[in-house]
Amino acid sequence: MSSSTSNSKAVNGKILLAMILVMGGAVLLMRLLYLAMGADANNIMGRVVEAREALPQIVKEPDDLMIFFGSSMVEAGFSPRQFDRELRAKDKTVKSFNFGFGGLNPYFQDYLSRRIRDEFLHNQRRIKLVVIEFNPFQTTTTRWQGANDIVDSFLTMLASDAELWDIAQKDPERGALLFNIKYLRNDISAEMFSSYIGRQIFPQPQPIKIEEPKELIELRSKAGQQLTERFEQDYPNYTDADWYYPWQGGGTIPEERSPETLEWFKKYYSTFQNSANKENARQRRIASADIEGLHFEPLLVDSFINIVNNFQEVADHVEVVIMPRQVGLINYSEAAQTRLNKVVAEIENATGVSIINQQELPQFTADMYRDATHFTRYHGDVEYTRLTVETFAHYFEP
């Protein structure tokens with residue numbers, strides 16, 4: 001072997017070592033940066049992570065199980081402990097859980113429902129009833145386009161390695177990227193990181209904001225402070241959590257609170273019952289989710305069908321509901337209603353489940369909403385949970 005060849009190999013080895021050190025250092029610095037910013041699955045989708053971590057405990061519950069699965073509208077609107085209390089009054093025993101999560105469209109919910117399905121299959125446990133919310137404005141093209149920057153990150157947080165490997169077999173380049181994001185980038189894609197930084201430097205224009213009356217804003221602040229103090233007094237042993245197991249993923253219930261606290265809640269929510277706040281909320285939903293136009297994204301419709309199919313594997317009964325809409329604030333054109341009817345028929349034909357449309361029930365009035373879509377605590381959520389009891393109590397035996 002010539003000395004020139006030996007020198008060449010030594011140089012190449014040093015170059016390779018330098019590249020490895022530089023790349024390793026870059027990955028380390030990147031992970032340290034994400035750590036300093038709190039950029040990980042626990043902070044980005046903490047409620048989802050905590051609910052998934054609760055699954056091994058849920059499958060061991062001795063009573064019949066009920067899961068209400070859906071969006072932040074379910075999170076705000078369904079009170080599992082109230083549901084269980086009202087069924088106990090009917091001599092029926094059930095343990096229900098609130099699996100409502102904000103920020104997830106049906107594409108992401110599909111992967112989350114697979115994780116729930118897998119846990120129940122692994123433990124050979126059945127769910128007596130799963131109620132799934134079909135949320136029309138979560139299933140639009142506008143909503144899907146708004147998720148472009150987070151798709152890869154959320155996918156690596158929710159998908160199994162086997163599912164990522166399936167993607168890699170069909171598209172090796174994308175598969176390599178996803179595994180890189182999951183194991184080297186702490187689940188944070190370049191698109192998610194750059195879009196976050198971009199929004200900090202160049203904030204996106206928001207729909208025109210109508211100023212609310214100053215006195216309402218002041219009362220809201222005062223009431224909010226009162227409620228924070230009273231919560232700390234009422235629940236001294238509460239462990240801060242996004243999805244709290246003792247409350248079955250739901251919130252507090254009025255039976256636990258003092259009359260004075262309930263009055264402060266009324267004052268607090270009354271500050272949201274003004275035309276400026278409601279119109280601002282409506283405009284945000286139009287801009288972010290096409291809530292009135294309802295131009296549906298076929299991929300998200302297919303994903304929702306997958307959700308129903310996933311739960312049908314582990315549940316004795318699966319029901320789908322469209323939750324109440326704030327009629328008078330959120331209005332559909334004839335064309336939008338036609339598009340919704342068509343999608344509903346498509347889902348029903350594909351799953352065999354008849355969707356229960358609760359959108360225009362007269363008992364849900366404007367004062368039960370804190371914004372354009374979410375129910376108020378101790379008023380809207382109480383009435384909606386009571387409706388859920390009336391609708392599905394027959395599935396549970398005394």
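Keep in mind that this is a model prediction, so the values were computed, not measured.
- Using modelled atom types, one finds no donor on one side chain facing an acceptor on the other under 3.5 Å when comparing E313 with N309.
- Side-chain contact between E390 and E86 is absent, with no heavy-atom pair separated by less than 4.5 Å.
- If you run side chain to side chain donor-acceptor pair (under 3.5 Å) between N123 and each of R125, E119, R126, only E119 comes through.
- Side-chain atoms of H374 and S72 include a donor-acceptor pair closer than 3.5 Å.
- Taking the centre of each ring, F154 and Y107 stay at or above the 6.0 Å mark.
- Panel note: side chain N349, backbone A345; a donor-acceptor pair is recorded below 3.5 Å.
- Side-chain contact check for D84 and S96: at least one donor-acceptor pair (N or O, by modelled atom type) lies under 3.5 Å.
- Under the 3.5 Å distance criterion, the side-chain polar atoms of S221 are left unmatched by any main-chain donor or acceptor of E218.
- Hydrophobic side-chain contacts under 4.5 Å tie Y269 into a cluster, directly or through other members, with L227, L262, W264, F265, Y268, F272, Y378.
- By the 6.0 Å contact criterion, CD on Q169 is enclosed, its count of non-hydrogen atoms from other residues, nucleotides or ligands being greater than 12.
- By the 30° and 60° cut-offs, the orientation of the rings of F83 relative to F396 is perpendicular.
- R117 places a side-chain heavy atom less than 4.5 Å from the side chain of L121.
- Residues V327 and I322 fall into different hydrophobic clusters, defined by Ile, Leu, Val, Met, Phe, Trp and Tyr side chains chained together at heavy-atom separations under 4.5 Å.
- Counting heavy atoms of neighbouring residues, nucleotides and ligands inside a 6.0 Å radius, atom CD of E215 exceeds 12 of them.
- Using a 3.5 Å distance cut-off with no hydrogens or angles, the side chains of T261 and S258 do pair a donor with an acceptor.
- Shown here is E229, whose CD atom has more than 12 heavy atoms of other residues, nucleotides or ligands within 6.0 Å.
- The neighbour count for E173 CD, taken as heavy atoms of other residues, nucleotides or ligands under 6.0 Å away, does not exceed 12.
- Side-chain atoms of R282 and Q326, non-hydrogen and from C-beta on, never get closer than 4.5 Å to each other.
- Of the N and O atoms on the side chains of Q273 and K278, at least one donor lies less than 3.5 Å from an acceptor on the other residue.
- In this model, a donor atom of one side chain and an acceptor atom of the other lie less than 3.5 Å apart for Y395 and E319.
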Q: Run the numbers on V389 and L87 for side chain to side chain contact (heavy atoms under 4.5 Å, CB included), then give the verdict.
A: CA-CA 7 Å; V389 171; L87 280 181; 4.2 Å; yes
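- Cation-pi geometry between R230 and Y235 is not satisfied (NZ or CZ under 6.0 Å from the ring centre, within 45° of the ring normal).
- Counted by atom type alone, N98 and R47 present one or more donor-acceptor pairs between their side chains at under 3.5 Å.
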Q | Worked check of ring-ring contact (aromatic ring centres under 6.0 Å, His included) between F296 and W144 | A | CA-CA 9 Å; F296 291 98; W144 177 241; over 10 Å; no
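- F375 pairs by the ring-ring contact (aromatic ring centres under 6.0 Å, His included) definition with F364, Y369, Y384, not counting sequence neighbours.
- Partner F99 forms a ring-ring contact (aromatic ring centres under 6.0 Å, His included) with one of W243, F68, F69 and no other, that one being W243.
- A donor-acceptor pair under 3.5 Å is formed between the side chain of E163 and the backbone N or O of S160.
- A side-chain N or O of Y183 and one of D161 form a donor-acceptor pair less than 3.5 Å apart.
- At a cut-off of 3.5 Å, with distance as the only test, no side-chain donor of D371 or N277 sits close to an acceptor on the other residue.
- A side-chain N or O of E133 and one of S71 form a donor-acceptor pair less than 3.5 Å apart.
- Among the candidates V301, I347, I307, V321, the single residue satisfying the side-chain contact (heavy atoms from CB on, under 4.5 Å) test with F134 is I347.
- Using a 4.5 Å heavy-atom cutoff, the side chains of K266 and E263 are in contact.
- Residues Q109 and N105 bring no donor and acceptor atom of their side chains to less than 3.5 Å of each other.
- Counting only heavy atoms from C-beta outward, the side chains of M157 and M45 approach each other to under 4.5 Å.
- A distance-only check finds a donor-acceptor pair linking the side chain of R325 to the backbone of I330 [under 3.5 Å].
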